[in-house]
Amino acid sequence: MEKKIAVLPGDGIGEEVMAQALRVLTAVEKLFGHKFTTTHGLAGGAAFDKYGVHMPEETLKLCQASDAILFGSVGGPVADVLLPKWKNCEANSILNLRKTFKFNANFRPVKILPELQDISPLKAEVIERGVDMVFVRELLGDAYFGEKKTFIDENGRRKATDLSVYDEDQVASVAHVAFKTARLRRNKVTSVDKANVLENSKLWRTVVTEVHEQYKDVQLEHMLVDNCAMQLIRDPSQFDVVVTTNMFGDILSDAAAVLPGSLGLLASASLNSEGFGLYEPPGGSAQDIAGTGTANPVAQILSVAMMLRYSFNLEKEAQAVEKAVEAALKGGCRTRDIFKQAKAGAGEAAGTAPTSKLVNCQEMADEILTHLKQPVLV
Ligand code: IPM
Ligand code: MG
């Protein structure tokens, strides 16, 4: 198979984790006999340095001419978010891409492997019930894309508003995606809203219920967002597919993403209705550790797996990457984010797995590559 991939590493740890992910992509290419042509483009602060904008035309054209987009992360150090280079960086780059390519559904799978309990912040008895869910987050509506204003009100005070809007087509579209996804899994959808307060949540709930008429074989439950935040920690085993709004999805999916141990372990896919997709780790640019070589490359590598599966329909290849990642983790390889986690959470059993070994970004990828080269063993 021949495919063109737009590679946008972005800022912070983006470059270093992307470099490792591309090594894995090259290994898949060789192992399975494909041809992936990767072309780099600038995004975020990295693009600003050269073009004075966060998402240059060149990068958009590159994405347009590609079969998939592999994205790193964008954004500056927390203390600098209002400097010109970083101001609105995320909105101008990633939100621009979402809007340009109409990526309306964001998939974030969250799974805890029993063998990796030691790096999860959850108690063993909670994990033992099984944690395996996927977030389907609406990506083009809500306060993210509604009218935005900062102004002086009638009393001379500064005031700011972000209009939170949904139309029924936006809700129906992502509801269909969620029900179809559930049919391939455990047949359950939890729709999360704030219908006891918000008008657009009332519409959300009504439309999801209407769409459900076409998927009677799938169980649907509605849950209020505050309760959902609690249930995710209390008993995540109850969730299969969680479908929710842009803002709630942003917050809840980060909360859920840390259940397996670190944001650095999970990938995400943003798809449009034609199946064109962008693949990225949801963890951000982590400027505090950028350049130290200690970032966890797993989320970026698993984003490659999602790309192989969703954009190229290469299921075997996707699984090979996922299995190689699992094998490296089961073998005790731990980047700093998950090594610390085990120590803090496990008390006396600090470090837990006897073979637990602190590795850097590149060493983690080395280990994953070792397992990828020996698919028989994983
Ligand atoms: C995410 C991120 C983005 C979002 C930011 C970077 C704009 O947090 O993909 O979850 O809020 O959607
Ligand atoms: Mg987020």
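For ligands, and for the atoms within them, numbers begin at 1 and follow the listed sequence. The first residue in the sequence is number 1, and the count goes up from there.
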Got a salt bridge between [X] and [Y], using NZ or NE/NH1/NH2 to carboxylate O under 4.0 Å?
X: Asp366; Y: Arg23; answer: yes
X: Arg158; Y: Asp153; answer: no
X: Asp118; Y: Arg334; answer: yes

contact_flag Arg108 ligand 1 heavy-atom lt 4.0 Å:
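In this structure, Arg108 qualifies as a contact of ligand 1 - some heavy atom is under 4.0 Å.
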Taking 4.0 angstrom as the limit and counting only heavy atoms of Glu90, give me the atoms of ligand 1 inside it, by number and element.
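Listed by number with element, the hits are 6 (C), 7 (C).
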Considering the heavy atoms of Arg137, write down every atom of ligand 1 situated less than 4.0 Å from one of them.
1 (C), 4 (C), 9 (O), 10 (O), 11 (O), 12 (O)
Do Leu265 and Leu116 have side-chain heavy atoms sitting under 4.5 Å apart?
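Result no, sub-4.5 Å side-chain heavy-atom pair not found.
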Can you pull out the closest protein heavy atom to [atom]? Residue, atom name and distance to 0.1 Å, please.
atom: atom 9 (O) of ligand 1; value: Arg98 NH2, 2.7 Å
atom: atom 2 (C) of ligand 1; value: Asp250 OD1, 4.0 Å
atom: atom 4 (C) of ligand 1; value: Tyr144 OH, 3.4 Å

For residues 64-113, pull every pair meeting ring-ring contact (aromatic ring centres under 6.0 Å, His included), keeping only residues two or more places apart or in separate chains.
Phe101-Phe103, Phe101-Phe276, Phe103-Phe276, Phe107-Tyr310
Are His34 and Phe312, when compared by the centres of their aromatic rings, separated by less than 6.0 Å?
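No.
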Which N, O or S atom of Asp250 lies nearest to the Mg ion (ligand 2), by name
OD1
